[in-house]
**Q** 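This is the structure I want to talk about, given as structure tokens.
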Amino acid sequence: MSSSLARRLTGTRSLGLAIGDQAVSSLTNVIAVLVVARQLDAASFGSFSLTYVVLTLFLGVGRAFFGLPLSLSARAGGASSRRLFEQALAALLAAALPISLVVFGVGSTLSGSWHGSQSAAIIAVAVATPLVLLQDVARYYALAIGRAGTALLADAVWFVGVVGLFITPLHSLALFSWWIGAILASLVIFTVSFHPKPEWEAAVQALRPERGLRTNVSGTVILSNITSLSVNGLASSRYGLELVGGLRGASTLFGPVNTLITFLDFAVLPRLVRRPEASARRLLLATFAATVASTVLWVVVLLNIPDAWGVWLLGETWRTASSIFHITAVEYVLLVCAAILSLILKTRNAGRSLLVSKVISSAAIIVGVAVALFVSSTVLGVPLAIALGAGISCLSLAVSVLLTSPRRKRDA
């Protein structure tokens, strides 16, 4: 077998494992949220959903600050990736307690209540957040150095734990304890596999490469999640926590689409930055066609779910979630298009364009939701405003792609 063919087969196998890992990870998150939705009343699940937004905020910033440099380090070699990984671990371990306290404080404040299953949900998400961040950074490192099999094994452990929750109903305290235990078990796999030694002296240093891109992408993540918190806060003030839970329930069932979007950064971006421009363009076009087609197919599936199945999946939250599915479907098709356009800008190091696009779309969503709360008599105004923001994001990103040059080396 020629060395060229061997490299190609190895690359194909690595890509397949990366796809499998991302699928398992996404399905794990979906099942975890469904478990909570099934076993909490609609208001308590709304409290969980508000707090979960703060978790996703930290997760997104972690991916931008630590995951993105790890993906881009694939072109610099394993030593560079190892250094970034150990710096990221040190930074996250040092910030673990403050992160949990922030999640707890924001979640309890926005929920506006503190009793029973609602309090258990808020505490569990606060404890889980730094653990999820550590697990996510380890996955980025595994994929950056071609150890997708290790990432798949670790996520499979988490997946088995969550599936156990799905088939074994527990009260809220035991449920969340098991959930956190599954995350810890996944972290043990990474620890045994990589034997990391956190670089405490470098924990506060700016991580490289692509410092400007990393900072701007972090800004887009922060804006996105602050927008989500604002939307949920406004929605709960008018329609109650049930709508917040419904928005989370609807987006959770679009988990496979979120898998595709996240997969772009995890596995497609490192390959794009390593390929010549012509080859990268072909990969990008194939990725676009596959993700859009898969998204449309999943939309068709979701729009035809029988009510009995929906209640089995989401419990009380199904009633609200099902009423906004058709609008959420449009939003996710637009989000996939925006993700592909964002990927192009990341390869061109055009972080500022990403940030400007996010500012525009975030402002449009918040203004749209505020207007909808005054002029709409139904809950549909809120998801409509969110979908409108996704459309505006696509438009602004498309303009930025047309205005930037391929393979830019400076941040604009």
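Heads up: numbering here begins at 1 and tracks the sequence.
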**Q** Using every non-hydrogen atom in the two residues, find where Y332 and S251 come nearest and quote the distance to one decimal.
**A**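 Closest heavy-atom pair between Y332 and S251: OH-CB, 3.3 Å.
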
**Q** Evaluate the side-chain proximity of Y239 to V382: yes if any heavy-atom separation is below 4.5 Å, no if none is.
**A**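 A side-chain contact exists here, since the closest heavy-atom pair is under 4.5 Å.
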
**Q** When you measure from the side chain of T129 to the backbone of V125, do you find a donor-acceptor pair of N or O atoms at a distance under 3.5 Å?
**A**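 Yes, T129 side chain to V125 backbone: donor-acceptor pair under 3.5 Å.
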
**Q** Calculate, to the nearest 0.5 Å, the distance between atoms CG and CD1 belonging to L92 and I99 respectively.
**A**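 The CD1 atom of I99 is 6.0 Å from CG of L92, to the nearest 0.5 Å.
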
**Q** Mind checking the CG-CD1 spacing from L234 to I365? Nearest 0.5 Å is all I need.
**A**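 It comes to 12.0 Å.
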
**Q** Would you check if V127 and F176 make a side-chain contact, meaning some heavy-atom pair closer than 4.5 Å?
**A**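 They are not in contact (no side-chain heavy atoms under 4.5 Å apart), so the answer is no.
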
**Q** Is the closest side-chain heavy-atom distance between Q135 and D155 below 4.5 Å?
**A**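 Yes, close enough: below the 4.5 Å cut-off.
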
**Q** If every non-hydrogen atom of A364 is compared with every non-hydrogen atom of I392, which pair is closest and at what distance?
**A**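 Minimum heavy-atom separation between A364 and I392: CB-CD1, 3.4 Å.
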
**Q** Enter the distance from F288:CZ to I344:CD1 here, rounded to the nearest 0.5 Å.
**A**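 The CZ atom of F288 sits 9.0 Å away from the CD1 atom of I344.
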
**Q** Do F66 and L89 come close enough that some side-chain heavy atom pair is under 4.5 Å?
**A**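 Heavy-atom side-chain distance check fails, nothing below 4.5 Å.
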
**Q** With side chains defined as the heavy atoms from C-beta onward, is the minimum distance between V53 and S49 less than 4.5 Å?
**A**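 With C-beta onward as the side chain, the pair stays apart.
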
**Q** Answer yes or no: is there a side-chain heavy-atom contact under 4.5 Å between I31 and F159?
**A**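 Side-chain contact under 4.5 Å: yes.
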
**Q** Measure across G310 and I305 and return the closest heavy-atom pair with its distance rounded to 0.1 Å.
**A**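 For G310 versus I305, the nearest heavy atoms are N-CG2, 3.9 Å.
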
**Q** Kindly indicate, with the supporting measurements, whether the criterion side-chain contact (heavy atoms from CB on, under 4.5 Å) is fulfilled by V36 and F45.
**A** CA-CA 7 Å; V36 178; F45 183 66; 3.9 Å; yes

**Q** Is there a side-chain contact between F254 and V299 in this structure, where contact means two heavy atoms from C-beta onward sitting under 4.5 Å apart?
**A**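 Counting from C-beta outward, F254 and V299 do come under 4.5 Å.
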
**Q** Once ring pair (Phe, Tyr, Trp, His ring centres under 6.0 Å) is applied, do any residues pair with W312, and if so which ones, sequence neighbours excluded?
**A**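 Per chain and number, W312 pairs via ring pair (Phe, Tyr, Trp, His ring centres under 6.0 Å) with F166.
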
**Q** Give the ring-plane orientation class for F194 versus Y141, where under 30° counts as parallel, over 60° as perpendicular and anything between as tilted.
**A**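 Perpendicular.
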
**Q** As an exercise, state the distance from CG of L303 to OG of S322, rounded to the nearest 0.5 Å.
**A**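 Reported value, rounded in 0.5 Å steps: 11.0 Å.
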
**Q** Side chains of L57 and V106: closer than 4.5 Å at any heavy-atom pair?
**A**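 Contact flag for L57/V106 side chains = no.
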
**Q** Does one side chain, of E242 or T320, offer a donor that lies under 3.5 Å from an acceptor on the other?
**A**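 No, no side-chain donor-acceptor pair sits under 3.5 Å.
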
**Q** Quick one: does any side-chain atom of S186 pair with a main-chain N or O of A182 as donor and acceptor, under 3.5 Å?
**A**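 No, the answer is negative, given that no donor and acceptor are paired below the 3.5 Å cut-off.
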
**Q** Just by modelled atom types, is the A42 backbone N or O under 3.5 Å from a matching donor or acceptor in the T317 side chain?
**A**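 Side chain of T317 to backbone of A42, a donor-acceptor pair under 3.5 Å: no, none is there.
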
**Q** Set out, in order, the CA-CA distance, both residues' side-chain angles and the distance that settles side-chain contact (heavy atoms from CB on, under 4.5 Å) for T252 and N258, then state yes or no.
**A** CA-CA 9 Å; T252 297; N258 285 323; over 6 Å; no

**Q** Which heavy atom of A32 sits nearest a heavy atom of W179, and at what distance?
**A**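 Between these two residues, the closest heavy atoms are CB-NE1, 3.6 Å.
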
**Q** For the residue pair L334 and A390, what are the closest heavy atoms and their distance?
**A**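 Reported closest heavy-atom pair: CB-CB, 3.8 Å.
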
**Q** I need the minimum non-hydrogen distance between P198 and L93, along with the two atoms involved.
**A**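 Taking every non-hydrogen atom into account, CG-CD1, 4.0 Å.
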
**Q** Who passes salt bridge (Lys or Arg N to Asp or Glu O under 4.0 Å) against E86, sequence neighbours left out?
**A**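 Per chain and number, E86 pairs via salt bridge (Lys or Arg N to Asp or Glu O under 4.0 Å) with R82.
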
**Q** Could you walk me through whether L335 and V257 pass the side-chain contact (heavy atoms from CB on, under 4.5 Å) check?
**A** CA-CA 9 Å; L335 287 176; V257 181; over 6 Å; no

**Q** At what distance, to the nearest 0.5 angstrom, does OG of S357 lie from CG of L397?
**A**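 Answer for the OG-CG pair, S357 versus L397, is 3.5 Å.
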
**Q** What do the steps show when you test T328 against L302 for side-chain contact (heavy atoms from CB on, under 4.5 Å), and what is the final call?
**A** CA-CA 11 Å; T328 307; L302 288 183; over 6 Å; no

**Q** Within this structure, what is the CH2-CH2 distance for the pair W309 and W318, rounded to the nearest 0.5 Å?
**A**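 It is 11.0 Å, given to the nearest 0.5 Å.
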
**Q** Any sub-3.5 Å donor-acceptor pair from S230's side-chain atoms to I226's backbone N or O?
**A**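 Yes.
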
